[in-house]
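One structure is given here, and the rest of the page talks about it.
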Amino acid sequence: MCGIIGVVGSSSVNQTLYDGLTVLQHRGQDAAGIITCHNGRLHLRKSNGLVRDVFHTRHMLELPGDMGIGHVRYPTAGCASSAEAQPFYVNSPFGISLAHNGNLTNADELKQELFREDLRHINTESDSEVLLNIFAHELQALGKLRIDENDIFAAVARVHQRVSGGYAVVAMITDYGIVAFRDPNGIRPLVFGSRQTENGSESMVASESVAVDALGFQLIRDVEPGEAVFIDMKGELYTRQCARNPDPAPCIFEHVYFARPDSIMDGVSVYKARLRMGENLSHKIERVWPDHDIDVVIPIPDTSRTSALQLANELGVKYREGFIKNRYIGRTFIMPGQKQRKKSVRQKLNAIDLEFRDKNVMLVDDSIVRGTTSQQIIQMARDAGARKVYFASAAPPVRYPNVYGIDMPSAQELIAHGRSEEEVAEAIGADKLIFQDLDDLIDAVHRGNTSITRFDTSVFNGEYVTKGITSLYLEQLELLRSDSAKEPGKEKSVSLDMHNTA
């Protein structure tokens, strides 16, 4: 999962890009990058680390220009590497830089096409570089010295025809403008907005609406699945549907975990969707456990707070903050290795004993992925004196890997994979475990925008919205995603063949 941003301004945009990336920092803490365009020259700064650590005053002074794009990253597979920090750049045609959120499921096939047919070289393992070169080739294939919005949209249409997977993209074409587009299923989020300044109008595209709002832009709307948005150097905005058969299926896990609660995605308030998750979960508890003896509901900060509060209100049970979070520790489920992940949980959370002692506690989390964090937190609750520790997940059991850009571990590392709910409860040490039903999760998000007819729920039911996700593909993905593959020095040369159905 990554965060992307692009701005065409009426004055220098480096500070706007920096501020936008800090707002999107929750989407990736591994690396950050900004590239700007000034008088036909590109200026790039990217490196591993948080936004505040990558960009110092001296770096900001070297990023002039009234147009630019930015990226925050965490690695979907393998170890963190500054070589794969974004944005990426190719000089032909015109000079194009690109930042990408998502994952191409036919990247290996595309690499072969780029080498054999398009005569392009890929220098990293990143599928974002593949996507950049595909887009660049399609622009170059037009054979024009000068291009306009129609040419750019034609190139995006060809990208959609060649590429499979989930992707939200922002690209800067030197001296032309910024183009942003979204995969035909709209799996990964993307929005755009504008604002008026004393120097003129400015436009922004970003992964989440919160970045648009926080910087004083007016949200226009989401980029539609398959749609492209082009903002030229004069600030003129053009939009066009570029996919032949767009089929919206946004990722529901964005609402469960990744997105900030103050964002609106595909017309759905993330905050209200999480309230409804808590409401629906409370109804399940009342249905399957009417004689519960819960004394207090305690959220596992931060993402589950909204759902936990609504659950407590619906059940008529006390809500308390029982864990204090160290905000200088990153998200554990996207850390690269199990040893580091285990170590970080105790550093990240500390229990307030008074809220646990001699009570039957219902802990609420947004989801259970590997289960190791849940196991440790349950033990922390017991150590703090809880009489019984129950656990509720605002999402259904995560049983399948994500192939569209979320760093879910390999299937064998998912605690619910191949286990019943009772077996998961035993594995994490809970006295009782209640998962959200998938239909109730879908309802919680769908009620925010009833025009959405389906979501990508593949991590829960194994039903992938794009074609060609074979058992062999998933087996090869597992080799790349496992914790052992993320250890330093491990070779990561596995190819993902979408068309081998053996």
Side-chain angles (χ1 to χ4, degrees), residues 1 76 101-103 105 164-168 182-190 222 225 246-259 263 265-270 272-281 283-284 303-304 307 333 365-371 392-411 413-421 424 433-471 473-474 477-478 481:
M1 186 60 58
T76 303
N101 172 32
N103 184 57
T105 55
S164 295
Y167 50 95
R182 197 175 176 196
D183 68 80
N185 296 113
I187 298 172
R188 301 269 66 87
L190 192 63
D222 295 87
D247 184 15
C251 175
I252 205 164
F253 208 74
E254 289 275 359
H255 291 274
V256 171
Y257 177 77
F258 273 105
S263 282
M265 289 185 166
D266 296 294
V268 180
S269 162
V270 176
K272 289 188 176 181
R274 289 177 182 166
L275 282 177
R276 292 188 289 267
M277 289 176 205
E279 177 186 337
N280 288 351
L281 190 56
H283 294 163
K284 180 173 182 179
T303 320
S304 65
S307 297
F333 125 57
D365 207 351
D366 52 76
S367 58
I368 303 175
V369 181
R370 291 177 174 90
S393 168
V398 176
R399 292 196 163 103
Y400 303 91
N402 185 281
V403 302
Y404 301 123
I406 297 178
D407 189 27
M408 291 290 182
S410 66
E413 293 169 354
L414 296 168
I415 196 166
H417 180 75
R419 286 188 175 97
S420 67
E421 295 186 14
V424 175
L433 172 61
I434 295 180
F435 282 103
Q436 184 90 264
D437 290 336
L438 181 55
D439 287 344
D440 286 341
L441 174 61
I442 293 171
D443 169 76
V445 183
H446 181 255
R447 273 194 273 163
N449 182 356
T450 56
S451 67
I452 303 175
T453 58
R454 69 168 180 156
F455 297 89
D456 169 48
T457 57
S458 54
V459 297
F460 306 119
N461 58 13
E463 297 174 5
Y464 297 96
V465 300
T466 60
K467 296 178 180 179
I469 309 300
T470 65
S471 59
Y473 178 87
L474 294 175
L477 186 68
E478 185 165 335
R481 291 277 183 88

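Computed from a prediction, not measured in an experiment: that's the story for all the values here.
- A search for salt bridge (charged side-chain N to carboxylate O under 4.0 Å, His left out) contacts involving Asp366 returns nothing, not counting sequence neighbours.
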CA sep, side-chain torsions, deciding dist, call: Ile406, Tyr257, side-chain contact (heavy atoms from CB on, under 4.5 Å) = CA-CA 11 Å; Ile406 297 178; Tyr257 177 77; over 6 Å; no
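- With contacts defined as side-chain heavy-atom distances shorter than 4.5 Å, the pair Arg454/Asp247 qualifies.
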request  = Just do the salt bridge (Lys or Arg N to Asp or Glu O under 4.0 Å) check on Lys284 and Asp437 with the steps written out, would you?
outcome  = CA-CA 8 Å; Lys284 180 173 182 179; Asp437 290 336; 2.8 Å; yes
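- Counting heavy atoms from C-beta outward, Asp407 and Met1 have side chains that stay 4.5 Å or more apart.
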Donor-acceptor contacts under 3.5 Å from residues 249-256 side chains, at least two apart:
from, atom 1, to, atom 2, distance (Å)
Glu254, OE1, Arg27, NH1, 3.0
Glu254, OE2, Arg27, NH2, 2.9
Glu254, OE2, Arg188, NH2, 3.2

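- By the 4.5 Å heavy-atom criterion applied to side chains, Asn402 and Asp456 are counted as neighbours.
- Of the possible polar contacts, none joining the Asn185 side chain to the Ile187 backbone as a donor-acceptor pair under 3.5 Å is found.
- Here the shortest heavy-atom pairing between Tyr473 and Ile469 reads CD2-CG2, 4.1 Å.
- Residues passing the side chain to side chain contact (heavy atoms under 4.5 Å, CB included) test with Asp439: none are found, sequence neighbours excluded.
- With hydrogens and angles ignored, the 3.5 Å screen pairs a side-chain donor or acceptor of Asn103 with a backbone N or O of Val403.
- Between Ser307 and Met277 the shortest heavy-atom distance is OG-CB, 3.7 Å.
- Looking at residues two or more places apart in sequence or on another chain, you find no salt bridge (charged side-chain N to carboxylate O under 4.0 Å, His left out) involving Arg419.
- Taking the side chain as every heavy atom from C-beta outward, Leu474 and Tyr464 approach each other to under 4.5 Å.
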request  = Give the C-alpha distance, both sets of side-chain angles, the deciding distance and a yes or no for side-chain contact (heavy atoms from CB on, under 4.5 Å) between Val369 and Met408.
outcome  = CA-CA 8 Å; Val369 181; Met408 291 290 182; 3.9 Å; yes
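- Under the 4.5 Å side-chain criterion, counting only non-hydrogen atoms from C-beta, Pro189 is not in contact with Phe258.
- Taking 4.5 Å as the limit, some side-chain heavy atom of Thr105 sits within range of a side-chain heavy atom of Tyr404.
- Under the 4.5 Å side-chain criterion, counting only non-hydrogen atoms from C-beta, Leu433 is in contact with Ile368.
- Looking at heavy atoms from C-beta onward, Pro397 lies in side-chain contact with Glu421 at the 4.5 angstrom threshold.
- In this structure Pro248 satisfies the side chain to side chain contact (heavy atoms under 4.5 Å, CB included) test together with Pro225, sequence neighbours excluded.
- Remark: Tyr167 engages His160 in a ring-ring contact (aromatic ring centres under 6.0 Å, His included) (not counting sequence neighbours).
- Remark: the backbone N or O of Lys272 is paired with a side-chain donor or acceptor of Ser269 at under 3.5 angstrom.
- Taking each heavy atom of Pro396 and Leu441 in turn, the nearest pair found is CD-CD2, 3.5 Å.
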request  = Just do the side-chain hydrogen bond (donor to acceptor under 3.5 Å, both in side chains) check on Asp443 and Asn280 with the steps written out, would you?
outcome  = CA-CA 9 Å; Asp443 169 76; Asn280 288 351; 3.1 Å; yes
